[in-house]
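No hydrogens, no waters, no symmetry mates; every other heavy atom, side chains included, goes into these values. In each ligand, atom 1 is the first atom listed, and ligand 1 is the first ligand listed.
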Amino acid sequence: MSLTELFDASLKGRVSRPALDSMDASGVLRTLTFGEVEARANRMASELSARGLKPGDRLCVHLGNCVEFIDVYLACVRLGVIMVPMNILYKERELRHIVGDAQPLAVVTGGVDAAYPTGVAQWPVRELEGAGAARPQERTEASLEGNAPALIVYTSGTTGVAKGAVLSHDNLAANGRTLASAWRITDADRYLAVLPLFHVHGLGNGLHAWLFSGCRMRLVERFEQKTAAALFTEFKPTLFFGVPTIYVRLLDPAVISEADARAIGQHARLFVSGSAPLPAHVHEAFRQRFGHTILERYGMSEALMIISNPYDGERRAGTVGLPLPGVTIRIADKHDAPVPEGEVGEVQMQGPALFRGYWQRDDATAVAFTHDGFFRTGDVAVRSPDGYVTLRGRRGDLIISGGFNIYPREIEELLLEDSRVREAAVVGVPDPVRGEVPVAYIVADASLDSAELTERCQAQLASFKTPRGFVRVESLPRTALGKVQKHLLPKWTA
Ligand code: MLC
């Protein structure tokens, strides 16, 4: 079944209900009903179709959170066009790779500065809106099977080259329905959406939970500490999805006072955390201050949500909980055989939201799956006798900062492009707010200073990837085979 059919089913009877609150360009808060959301999607679909988009075509979208992002997504879903969301913080170097790989018909932009690879059309979203508004109110839609691709989400691998995880209508439908049911999301909820819509946490979970439940959503451009208190006290959300960095910020008394925290907790029903490990002390501090036990869950772009603490049962701090309904997991050794209970191994899984592969990368897809069809998450975990899963680390090199994934190899490659840098190794170091931040160890000419390297990274990479520090070393510790032993690098001190 296509997502359109599912969205239609949930829309029925809710056409005039408030659906979406957001700030317009002039800073005025406006509310759209589900009927208006639907009408906007229809107009956008008819405009995109008039511009030649057909089922299976890709459309890259480089927008921050805004209502137009939703219009474009719903229009793509309707037309069978595959949307390729791109992180708004990405710079030309990162965008060039995605556009080159996905081969979209065009990139939808906010209409500002970003430089895209030449040869691809840029469609400023305001032009699409303007042209769409002039179109007759009619519905354009393709007849689609559930296995039709809906999204390509780029996620880097240890190679440093981002691969596109292809998610189908069925994958997104399964994930949305599972979450709505597991987390008891209904149309009585008020969901505060602060997470970026270009990643699966905000899009696959947030947006779909909203559409499947028919609840009311307040969409903000991004989470900012200075506006957080006002946002929570005005909108009174019952439902909130965040990354650990956001929960750390909400606990700051300068961001939300104790009285406000108590009042926010009284209106709220559920706080969910994911995309990075939630420290147990944050879990406990939040419970004391807001009176809510955060529900931590675990997922990935390739598989959407995999494991979640229970809504009703014990939400155990430091664990990600139990497999979601329909998901099978095993904790496996390096031969893909289940480890004995209580031992550490890789999380491997199967489930209805699991993708079928990477965009035009059969080689990478083959490596990602075991011979019996389980997906190798690359995350290492242990399972308790009562089934709770605790993540113990990652097999790869991945750094997670503020919930954004960073692949050291990508930064190392950029640094090595400067001929004065002879060797480079990037590692994640602990950070109390962002979880981890990248730090670079380099073997380089004395003439090269860190400011120059920082500037180079800032110009070419998303802000969160710029190393917090550069440490000069005489040589990198390596194995006899030449592999860098990152764990032997000298300890970093800020
Ligand atoms: C940061 N910036 C953003 C932004 N986040 N701009 C637009 N949209 C966003 N979402 C910009 C800031 O404006 C600033 O720009 C620069 O980035 C650095 O900002 P910052 O203030 O240092 O950022 P900070 O406040 O620390 O942001 C923290 C954060 C953000 C937690 C709000 O990192 C964030 O939104 N993280 C969520 C990531 C996420 O959704 N991950 C899910 C991946 S899916 P300037 O110009 O002022 O420097 C996944 C699977 C799963 O992992 O299971 O969920």
Side-chain angles (χ1 to χ4, degrees), residues 61-66 69 85-91 110 112-114 151 153-156 162 165 167 171-172 175 178-179 192-209 219-228 231 240-252 255 272-278 282 295-309 320-321 324 327 347 349 353-355 377-379 391 394 398-407 431-438 454 457-459 461-466 468:
V61 175
H62 192 215
L63 294 173
N65 284 0
C66 57
F69 187 114
M86 304 197 290
N87 190 320
I88 192 70
L89 300 171
Y90 282 177
K91 305 269 168 56
V112 273
D113 58 339
L151 279 179
V153 180
Y154 275 81
T155 148
S156 300
L167 294 166
N171 292 152
L172 291 152
N175 187 65
T178 299
L179 298 190
L192 176 56
V194 302
L195 288 169
L197 292 174
F198 46 76
H199 279 323
V200 302
H201 197 167
L203 180 59
N205 292 9
L207 200 84
H208 289 78
L219 178 70
V220 295
E221 199 187 328
R222 57 175 296 240
F223 177 85
E224 280 178 298
Q225 358 196 20
K226 62 178 193 299
T227 50
L231 200 57
F240 184 76
F241 295 167
V243 296
T245 301
I246 291 179
Y247 288 109
V248 171
R249 298 230 153 114
L250 290 176
L251 283 168
D252 183 343
V255 175
V272 179
S273 178
S275 310
L278 182 73
V282 176
L295 185 157
E296 184 172 5
R297 56 70 185 169
Y298 160 74
M300 282 180 79
S301 300
E302 289 91 336
L304 299 170
M305 296 307 107
I306 304 169
I307 301 173
S308 167
N309 270 280
V320 290
L324 280 161
V327 173
V347 181
M349 59 79 60
L354 176 61
F355 79 148
T377 64
D379 287 311
L391 296 175
R394 288 177 294 267
L398 176 69
I399 300 169
I400 307 183
S401 190
F404 287 122
N405 289 358
I406 302 174
Y407 291 86
D431 179 84
V433 176
R434 305 187 73 90
E436 293 178 291
V437 288
T454 301
C457 291
Q458 281 172 344
L461 299 172
S463 54
F464 55 87
K465 296 180 190 171
T466 296
R468 204 48 89 75

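Proximity of the aromatic rings of F404 and H199 is defined here by a centroid distance below 6.0 angstrom, and this criterion is met.
Put simply, CG on N309 and CG on L295 are 5.5 Å apart, with the number rounded to the nearest 0.5 Å. The CD atom of E436 sits 9.5 Å away from the CG atom of D431 when rounded to the nearest 0.5 Å.
For the pair V272/F240, no side-chain contact is recorded, criterion being any heavy-atom separation below 4.5 Å from C-beta on. Looking at L207 and F69, their side chains never come closer than 4.5 Å, going by heavy atoms from C-beta outward.
When each of L167, V153, L179 is checked for a side-chain contact (heavy atoms from CB on, under 4.5 Å) with L304, only L167 meets the rule.
Every protein residue with a heavy atom nearer than 4.0 Å to ligand 1 is included here: I88, L89, L195, P196, H199, V200, H201, R222, F223, V243, T245, I246, R249, S275, R297, G299, M300, M305, G402, G403, F404, R434, S463.
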